[in-house]
Structures are given as structure tokens and as C-alpha cells.
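Inspection log for the structure reproduced underneath, given as C-alpha cells.
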Amino acid sequence: MDKTEIKDLLNLPIDGQLESHLALLAKMSQEFASSLDIDETLNNAIKQMMDYMDAEAASIFLLENNDSELVCRACAGPTKLIGLRLGAEQGIVGRSVQDNRVQMIRNVDEDPNFTAQVDEQTGFTTRSILCAPLVVKDIKIGAIELINKRSSDGLFAINDKHTLIALASSAALSIHSAAQAAALVEQQRIQRELELAREIQANLLPEPLGNDFPVHGLNLPMLEVSGDFYDFLVLDDDRILFNLADVSGKGINAALLMAKTSSLFHCLGKTINAPGQLLAMINNEICENTTRGMFVTLIGGIFDPHSRSITLANAGHHPPLMQHQNGRFEEIACGEMPPLGIIPNLEFPEYPLNLDQDSLYLYTDGVTEAYLDGEMLGEHGLQTLIAQHQGKPISERLKDIINSLQQDEQSLHDDVTMMIIEATTSPLLTESFPAESSKLKDIRNVMQTTLKQAGCSIEQTEGIVLAVSEAAANIIQHAYADCPDGRIDLVIHMNNNELTVVLRDYAAPIDISSVTPRALQEIRPGGLGTHFMQQLMDNLVYTVPTDGIGNRLEMRIKIQ
Amino acid sequence: MTTPSDSSVQYNITDEQGFLVIHFAGEIDLHGSPHAREVILDCINQQRNTVIDLSDITYIDSSGIASLVEGYQLAKNKQLEFGLINISKPALSVLKLAHLDKVFPIHNSLSDRLQSS
């Protein structure tokens, strides 16, 4: 396109005007391209346009609020209109935008769309208007409005119209590009913040410990941030406080509530070691100031690695799964309490559990709702999956189970979090004996050998052997009442110089209250066995085994 | 020594200076104590002063102690003498645990017992 063609296109009759016109376009384009502050650039541009077009005033209106309003973003001249809001179809500027046409009004008083309101407010007198829409392809952006030509008859001419069209096209493209650039910058900022949030959130999860640590957890967020979390911390007495939770909803809201709940648990848990009481306190805190409708399902507890016992408390989370040593699975019923953050002042009951050689699996519903081979995993599928990875070390098993859930991009629909709790030290002894008095000697012999290996003194060994033999004799005589075919399982653990002896039978449950020693002042036969056990051991606890069959006696003693 | 069938406790009885001396050896637990009890009560029921020699007892449990208590009580009822002699270390610690070391007449030997009366 040569100079004559451009002149014809722009309908510029005066030689020399083309050069100055092109120079203005070049300057404006350069300013738009070099600045990210769109308001400053627009104000510079409108001043230059006003001067160039020899108008008394000029303004740029842009569509905002889903194109429902026209807002003055830049202006030049005697009145300050920045921030003025008009309806998207209001006034001559509105008509120009809606009709996508240049409006050249030589006498505004004759135009039905003219809004005299602005003149009334500012004291300025509008006589003529030249207004061009700002459009990129089919996207309406706003309009440029020039008011009152200074020179000649005060009216805009046809060549002014063509010049404004050219300037408006350039400005529209620049405004559009600047808006897109700003959106991109905003998007990048949000992305950076999400990445930071994810990093902060990942730091709230505990560092994994070695395979000899009995609690392992893993979280796989679906979005940058997750509503799931888990935590564990070792208390001063070696017990391990743990939790696993799922916050309602997803995204930043859920992540913030996750951070709050997790921090409360971690902080309060250091002093409140009773899981039920801990959940009650966290529940009240969350109820006090949490967005309505948001809640947290949380299962928490304390694991004692010495006794291999767990105390659980549950706030609306689905029950955990226990895999017994023989491979059998059992869902651990632990209450119907609602999630945290819904009803204040609740009491959360505690559920004692003997872990022994079993493994406890805690998980969020993202696990059972995973799709493998086109079918939802479900609880039965999870049991099959766990069984497939049975026998692997705890951390490897957890990773492998979670990896199996990520079959393809369609497999997971929610955050996935899982925790495994199991005693990681092997027992010193696991043996089963017929419940017959003639086998008591065998039990004593096995105990002697085991205690010698464990480094017990001869004197302490004698005492422990007597206590265990008395306990076994009680089982034979009272629990089985000399019935044939009974069995006694004997398991011995050693943790940090504490010996734990577990005797388990399969007889009818005994009445624990009946197992009391007699007063020693009474000189009569019988009733001494329990007294011996209490005298010789540090601690005796009778419970019902997790499978509900028989009786379980746990005796503990510090080894000197 | 007499050994009851499949029992871990053995015994023999001697008649010395007006006393029946029951010498137990081995372990008196839930399995052996019924036999031990029977032997002890049998001697007392013969209207004889009885002492139990526990020198060769390597293990005794609460049921074994109960048999001794029963013998002590029966002898008392019959106004007969009853006592323990030569108590092995393991047996003594269990008697102490039951706080019975001060209840039973205990002597190092039968002659000590005779001298003390």
C-alpha cells in the first residue's frame, strides 16, 4: 500500500496530515506495547488524541462487569470523568458501542440519546460529539468520544471521523492486548501462589520415617492443593498420636480449613493425649469460626508401640480397615459422631483396640472411589489390593497401593490419602500351647529360654516365669474349666527394655471383675495366683481380643 | 522316690523320730499339686505329725502353696504338728511372695524342728 492509497483510505485531503497521523499512531502503539499500566497509557493516549483532533474534551469508555456497564477509564479536557459509569446502552457512547458504528453528532440537543446529566453536573457544555467504537474482531471493548471541535465551526468533519476510526482501531487492539497480558500476569500470579500453597501444605504433612516406624501416611492431591491430610507425632512417652482427615470441598477453601484443623491437632495434641477430648476441642474451635457448610471428617488416635494398643476417636470419617495376621479383614466400627465443624459441644467416645500383629488401614474416600478397569474400587476392591501387596515393608506397601490406584488419567476423581499403622518389631516369641496342666512345664521352659536370650536376670526370670505360669494355669483351670482341646497363645514383645507378655485363649469371656486376688490375711488355699501376677509384673490388663473371641491378658514389666 | 503318673513332682515318705517326713522333688504346679495334696492330706489323716521337706523343689506355684496351706489347716484341726523343712530357694521366694513364710513353722531340718519344740 503506497502513500496515496493510505491517503485515499483514510480520506485525508490535506498533504502532510498523513505523516503526523502515522506518527501519532506509531507513538500510541509504542506506548501501549511498552507499558503494563493500561490506565496511564490510556490517559496519555486520549490527551494526544484530543490535541491531535483539536477537540475540547475526550474520553475512553470501556465495557466492564460482564459488559453491563461503560466505565470512563481515561479522559482529557476541563472535566474529570474517570470512574463515571453509564449503562452499556446509555447515551451516544452506548449507542456507538451497541451499534458498532461511529456517531458524529453535530448538535447534541437534537439527539434523543444525549444525556445532559453529565453537563449539568460538570457545568461543561457539549455541543458536538464524535464517537467511535473500540472493537477487536467481534469483541466489543468500549468507545472513544471526542467533544466539541475547537477550530472552524465547532463541528467535526468527515476526515475527523476517518482519523478517529484509524486511531480507535489501533487503541482497541492495544487495549485488548494489554487486557490479555494483564489476565496472563494475574493467572501466572495465581499459579505461583497455588504452587506456594501446595508447598506450604506439603510441609504440614509429617516427614516419612523409616520402615521400623509403625505409622506411615501418603497423600496424593488431585488439584494443586488438597483437602485431605494426615499427621503423626511421637509423644514423650513413645506413644504416637495420629490422624487422617478429609475436608469438605476442594481448592483453596478446603486447603485453608485443612491447614487450620491440622495445626490445631498438632498443637493441642501435644498436651491433650486423649483422642476423644482432643476431637471435642478441635470441633468447638472449628464450629466457632468456619465458613458455613464446610466441615472435616477426621479419625484420630494414639498408638502405644509397647502394648500395641490403639485408642481411636472418630468424627464422621468412615471406619478404618484392620487386616488380621491371618489375612482376614475387619471393618472397625468406631461410632456415628458427626464431622468436625457442624455441631459444637459434642463428646467423642474413644474406642480401644489391640493391634498385636495386625495392621490398621485408615483412608479417605478418594481411595475407595478410584476407578480401576472401569469399575469403582470399593471396600472389597481395597481389601483385594491390600492383600496383593501383603508382606511388603510398610512404606513400600503404602506407595505400591497408592500407585496401583493411578492406573490411568481417569482413575482418580478425588484426593487420595492413606495411613498404615502396625507394630514393626517382631515378637521375641509367638507360640501356641494346648491348654493342659501337663503343658505348663513347656510354657515355663520356653519362657526361661526366651528371657535368658532377652538378657533378664535369673531372679527376674524366676518371677516372670511364675507370673506367666500362674496366668496360664488360671486359663486352664477357670477359663477353659479343664475342657479338653483348648489352646493358649503366648506372644512376647520387647520394646525399650519393657517386656510385654500376651496370653490369649479362646474360651468363653471371663468376668474381669471376678479376677481379683484374695486378702492374704486369710490363710486358705486358692486365690493366690492373681496376687502373684500382680506382685511380679508392673501391669496387667484383661481385654477382649479384636475378633471378639476369648480373652486376652497383657502383662508388662521393665527389664532390669 | 515315687512318681505319680506323668507328674513333674516326685516324693518319698520316711518315718523319722515320730514324724512322717514327705520329701518332694521337682516341680509342684497345677499339674503336680493334686498328687502333692493327696500325699500330704493322706499322711495327716493317718493322725501323724507331718513335715514337708522342700529341699529339692525347683518350682512351686500357687496351687502347690494351696496344698501346703490345706495340710497346715487339716493338721491344726486334728491338733497335729505340721511344718516345712529344708526349703529350697525357689520355694522360699514363693512362700515369701504369699506372705506365708511367717505362718508356717519353718526349719532348716527335722532336728532343728525337734530342738525348737
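For the numbers below, each heavy atom of this structure counts, side chains included, while hydrogens, waters and symmetry mates do not. A, B, ... follow the sequence lines: proteins, then strands. Residue 1 opens every chain.
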Residues 103-110 of chain B, side-chain donor-acceptor partners within the protein, below 3.5 Å, at least two apart:
unit_1   : atom_1 : unit_2   : atom_2 : d
B:His107 : NE2    : B:Ser116 : OG     : 3.1
B:Ser109 : OG     : B:Ser111 : OG     : 3.3
B:Ser109 : OG     : B:Asp112 : N      : 3.2

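When heavy atoms are compared at a cutoff of 4.5 Å, B:Ile60 approaches chain A solely by way of its backbone atoms N, CA, C and O.
The residues B:Arg48 and B:Asp15 are annotated as salt-bridged, a charged nitrogen and a carboxylate oxygen being separated by less than 4.0 angstrom. A salt bridge is absent between A:Arg308 and A:Glu554: the closest approach of a Lys/Arg side-chain nitrogen to an acidic carboxylate oxygen does not fall below 4.0 angstrom.
In this view, A:Pro352 satisfies the side chain to side chain contact (heavy atoms under 4.5 Å, CB included) rule with no residue, not counting sequence neighbours. For A:Asp505, there are no salt bridge (Lys or Arg N to Asp or Glu O under 4.0 Å) partners two or more places apart in sequence or in a different chain.
For A:Gln323 and A:Gln390, the side-chain atoms include at least one donor-acceptor pair closer than 3.5 Å.
Here the rule is side-chain contact (heavy atoms from CB on, under 4.5 Å) with A:Phe433, and of A:Asp489, A:Val446, A:Ile476 only A:Val446 fits it.
Heavy-atom neighbours of chain A within the stretch residues 86-95 of chain B, taken at a separation under 4.5 angstrom, comprise B:Ser93, B:Val94.
Contact count versus chain B (heavy atoms, under 4.5 Å) is highest, among A:Arg444, A:Glu470, A:Glu459, for A:Arg444.
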